[in-house]
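Letters A, B, ... mirror the listed sequences (proteins, then strands); counts begin at 1.
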2 protein chains.
Amino acid sequence: MKPATIRDVADLAKVSVASVSRVLTGAGVVAEPTRMKVLEAVEALSYVPHSGARSLSTNRTDTVGVILPDLFGEFFSELIRGMDLAARSAGLHLIVSSSHDDASDAAAAIRSMRGRVDGLIVLSPHLDAANLAANLAGRLPVLLMNGGMNEAGRPSIVVDNHGGARVAVEHLLSLGHRHIAHIGGPKGNLEARERQEGYVEAMRAAGGQPLIVDGDFTQASGHRAMQALLAEGVRPEAVFAGNDMMAVGALLAMQDAGVRVPDDVAVVGFDDVPIAALVRPALSTMRIEIAETGRRAVERLVTLIASTSDGGSESDIREVITPRLIVRASSVGDAAALSLAAPSTGDRS
Amino acid sequence: MKPATIRDVADLAKVSVASVSRVLTGAGVVAEPTRMKVLEAVEALSYVPHSGARSLSTNRTDTVGVILPDLFGEFFSELIRGMDLAARSAGLHLIVSSSHDDASDAAAAIRSMRGRVDGLIVLSPHLDAANLAANLAGRLPVLLMNGGMNEAGRPSIVVDNHGGARVAVEHLLSLGHRHIAHIGGPKGNLEARERQEGYVEAMRAAGGQPLIVDGDFTQASGHRAMQALLAEGVRPEAVFAGNDMMAVGALLAMQDAGVRVPDDVAVVGFDDVPIAALVRPALSTMRIEIAETGRRAVERLVTLIASTSDGGSESDIREVITPRLIVRASSVGDAAALSLAAPSTGDRS
DNA sequence: CTGTTAGCGCCTTCAC
DNA sequence: GTGAAGGCGCTAACAG
C-alpha cells in the first residue's frame, strides 16, 4: 500500500540499505551481482527514491526558488522560461512563488523556502532589498534582481533602466520630436522610477518639457493613459512608455482615436516582450533579452551555491544588463529595412 | 555560522524541542511564559523552520508539481499564472518542470517529484497518459491534463478540442465561407489532432473539401503555412488555425502579402490567449479560460490530495472544458459591437 | 566490496 | 503543560 522505502528494497534484495543507496546514487563501488539484485528489487517494488529524505541527508535539494512580485504578462513568463531552461540543464528543479504585494508577504515567502531550496532568485521591487533577503533566508545564497542599481555588495543582476530610458528618448529626439510624453509605471516600482528618471533627464538635457502620465505597467493602463492625453487635447509628437504592454495599450488607444502611428505620434516601449514584434505597427523598444537574463540568473545562482559550499567568494557582484534599442515601425515609418531583428516567438496550443 | 535548528532554540529558551515545536506549529497547548521564551529565542537566533525536515516528519510537503511539455507562449504562462494563484491561496508551493520532449523524459521528471510534492498536475501530450503517470508517481495523487478525452478512469481536466473546432468552423461556414483552410498543430500532439479532426468533420458535414497545412503551434509556423498557401496561389475564404499563435502568424503573413482580413480571408484561432485581443484585426477565437483552468486544476488536485489521505474517493473524474466562440474583427468586419469581450491584460516591466 | 550505525531537522506519541 | 525518545527515508562514514 505505502510506497516502498529503501529498506524494503534492501530486504527484498537481501542486501543492506547502504548497498542499495550505493547502487542508486552511483557513489562507491558495488559488485555486479549485488547491483543486479538491487535493481531487480527496485523494479519489483517500483521503488522511487524519496527526494525529500535524500535532501535531508545530503543537505542539497537540487532546487532553486524564484520569488516574483507577479506573474502577469509576457515579461515574467519569458523570464521563467529562461530560468526553467537553465535549471533543467543544470539538473535543478524550479519552485516559483509570486504575487507578493508587500514586503512582509515576500519575506514570508522567502522564509518558507528554507530547507526547500539551495538558493533563491529574488525579484521584488517592493522589497527593500538586501536586508530582508539576507536576514530572512539564513545562509541561503541569494541572487537579487530587484532593480536596485545601488544595491549593497550582494550578488545581483540589474537592468540599466536609467540608461535605457535615455537611449529611448534620444532616439525619439533624433527623429526630430521634441514634445515627448511618458507613460510611467506603478508608483512603488523601482524600475519604473528609474525609467522615468531617465526620461526626465533626457528631456531636460534636450531642453524639452517632461510630460508624464501614470500607468501601472498593464496594457489597460497604457490605453487609459493615452486616452486621457488625447481627451485633454494633448497631442505629443511621440510617446515613450515605461514598458511594452503600456506601449501596446497606447498604440491601440491611438488606433481607436484615429491617430496614426508613427506618422502622427511615434511610440517606443521597453522590454521587447514577444508581442512587441507582433503588433502593428511593430513596436520600437528597448530590448532586454528576457529569457536570456533568466537563464543567466540561474547560472549565476548555481555558481553562487557552489562557491558558498566551497567557501569561496564571488567575483563579479553586480551584473548590469544594458538594454538595446530595437527600431521598428512604431517610431520610424519605413523601418522595414531596419527591423529585421523581429524575433519569431513560439506558442503551444 | 550554520543556520539555527530547533534544538538551538530549545537550548537557548531552556525548554524542550517538543515545546518549541508546539509553539511553532500551533499544535498542542503551551503555557504563555513558555511560549514567550521560545519566541524570544526564535527571534534571537533568527530561526526559520526547515521545511524539508518538517516534510519528512509530517509526510506533507505543501507543494504541488506541474509537469509541462514546454513553456513557450502565452498559453502556458496563463495556465501557470492561474495555478500559482490557486496554489498560493491554498498555501501551497508550486514546482514547475517543463521541456519534456519524449515520454521517458517526462517520466523521469515525474519520478524525481517523489518526496518533493503532495500531488502532480501532468500536461503531457506526448506521454501516453495514465500508465506512466500512475506507475511512476507511486501513490501520488495525479491530475491529468494531457488532452485525452478517452482517458482511463483517472482524474482529469480536458478541453473539448473536437467540439470547439467544429464550432469554429461552423462559425466560418455560417458567414458564408466554404473554402476553409486549416493550419494544423504539431504531429504528435493529441490536442492538435482533435482540433484537426473537428475541422475535418465540420467540413465534411458541410460538404466542403478539407485543406490542411501543417504547423507546430508557433507563430512562425503559422506565418510560414500561410505564406506557403498564398505562394501556391491558394486563396481560401477563411482560415481556421489550430491555435492563436499560428493564427497571428497567418494574420501577419496576409498583411505582408496585402491580403485583407477579414474582407479577403476570415481567420479564427483557438485558445484566446491575451494577445488575441491585442492584434489588429483582433482575433476571433475559441476561448478557453486558461488561467481559470489552471486555477481549477490546482483546486481539484487539492481535493484529490485531501481525499487520498482521507481514504475517500473522487466523485467527478473527468471534467470537460467547453471552449466558447469569441467573435472579433478577424472573422467579422464590423464586429466592433460584438467584441466587447476583449480582456485587458497586464504586464510588469 | 558490504553491513552497521549515526545522524540530517523536525514532529509526535507517550509518560510524567 | 512539558520532556524524552522514536522515527520519517536516506546518505555517509566507519568498520569488517
Side-chain angles (χ1 to χ4, degrees), chain A residues 1-39 41-42 45-62 111-118 138-140 309, chain B residues 2-38 41-42 45-62 111-118 138-140 309:
Chain A
M1 194 60 208
K2 306 204 64 169
T5 77
I6 197 174
R7 177 147 294 145
D8 298 327
V9 177
D11 290 350
L12 181 58
K14 310 282 191 198
V15 299
S16 72
V17 294
S19 292
V20 177
S21 177
R22 287 187 192 104
V23 172
L24 266 34
T25 60
V29 206
V30 188
E32 196 50 29
T34 310
R35 141 176 269 98
M36 294 307 273
K37 286 193 298 184
V38 170
L39 292 179
V42 165
L45 299 171
S46 40
Y47 166 74
V48 178
H50 188 289
S51 353
R54 176 174 292 179
S55 293
L56 195 54
S57 285
T58 59
N59 200 30
R60 293 182 307 99
T61 60
D62 292 324
R111 234 199 237 87
S112 75
M113 289 292 189
R114 158 95 208 272
R116 223 186 262 291
V117 301
D118 295 335
R139 266 271 137 295
L140 208 56
S309 57
Chain B
K2 306 204 62 169
T5 76
I6 196 175
R7 173 147 296 144
D8 298 329
V9 176
D11 290 351
L12 181 57
K14 309 280 191 200
V15 299
S16 72
V17 294
S19 292
V20 178
S21 176
R22 287 187 191 103
V23 173
L24 265 34
T25 61
V29 204
V30 188
E32 196 50 29
T34 309
R35 136 177 273 96
M36 294 307 274
K37 285 194 297 183
V38 169
V42 165
L45 299 172
S46 41
Y47 167 73
V48 177
H50 188 291
S51 349
R54 175 175 292 179
S55 293
L56 195 55
S57 293
T58 60
N59 200 31
R60 292 182 308 100
T61 60
D62 292 323
R111 235 200 236 86
S112 74
M113 290 292 188
R114 159 93 208 274
R116 223 185 260 292
V117 301
D118 295 335
R139 267 271 139 293
L140 209 55
S309 56

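- At a threshold of 4.0 angstrom between heavy atoms, the contacts of B/T25 are confined to the sugar-phosphate backbone, with no base atom among them.
- Taking only side-chain atoms of A/R22, from C-beta outward, the nucleotide of C/dT2, C/dT13, C/dC10 with the closest atom is C/dT2.
- Following rounding to the nearest Å, B/K14 (NZ) and D/dT2 (P) show an atom-to-atom distance of 17 Å.
- Rounded to an integer number of Å, the gap from CD1 of B/I6 to C1' of D/dA5 is 14 Å.
- Of the possible donor and acceptor atoms, one in the side chain of B/R114 sits under 3.5 Å from a partner among the backbone N and O of A/V48.
- Residue A/S57 places a side-chain atom within donor-acceptor reach of the base of D/dC10, judged by atom type and a 3.5 Å distance cut-off alone.
- Among all heavy-atom pairs drawn from B/Y47 and B/I6, the shortest one is CE1-N, 3.6 Å.
- Across all strands, A/V20 comes closer than 4.0 Å to no nucleic acid atom at all (heavy-atom distances).
- Looking at heavy-atom distances under 4.0 Å, B/A18 makes contact with a base.
- The nearest whole Å value for the distance from the OH atom in A/Y47 to the P atom in D/dG9 is 10 Å.
- B/S21 comes within 4.0 angstrom of a nucleotide base, judged by non-hydrogen atoms across all strands.
- A donor-acceptor contact shorter than 3.5 Å is absent between the side chain of B/R35 and the backbone of B/R22.
- At least one side-chain nitrogen or oxygen of B/S16 sits closer than 4.0 Å to the OP1 or OP2 atom of D/dG3.
- With rounding to whole Å, A/H50 atom NE2 is found 18 Å from D/dG7 atom P.
- Straight-line distance from the CG atom of B/L24 to the C1' atom of C/dC11: 12 Å, rounded to whole Å.
- For the OP1/OP2 pair of D/dG9 and a distance below 4.0 Å, the side-chain nitrogens and oxygens of A/R54 include no atom meeting the criterion.
- The minimum heavy-atom distance linking A/S51 with B/S112 is given by the pair OG-O, 3.3 Å.
- Contacts of A/V15 with the nucleic acid, taken as non-hydrogen atoms under 4.0 Å apart, involve only primed sugar atoms and P, OP1 or OP2.
- Here the P atom of nucleotide D/dT2 and the CZ atom of B/R35 are 10 Å apart, to the nearest Å.
- For A/M36 and C/dC1, the CE to C1' distance is 18 Å, given to the nearest whole Å.
- Between B/S19 and D/dG3, a side-chain N or O to OP1/OP2 separation shorter than 4.0 Å is present.
- In terms of modelled atom types and a separation under 3.5 Å, the side chain of B/S21 and the main chain of B/V17 share no donor-acceptor contact.
- As a whole-Å value, the separation of A/L56 CG from D/dT11 P is 11 Å.
- Closest to the side chain of B/V29, out of D/dG1, C/dC11, C/dC1, is D/dG1.
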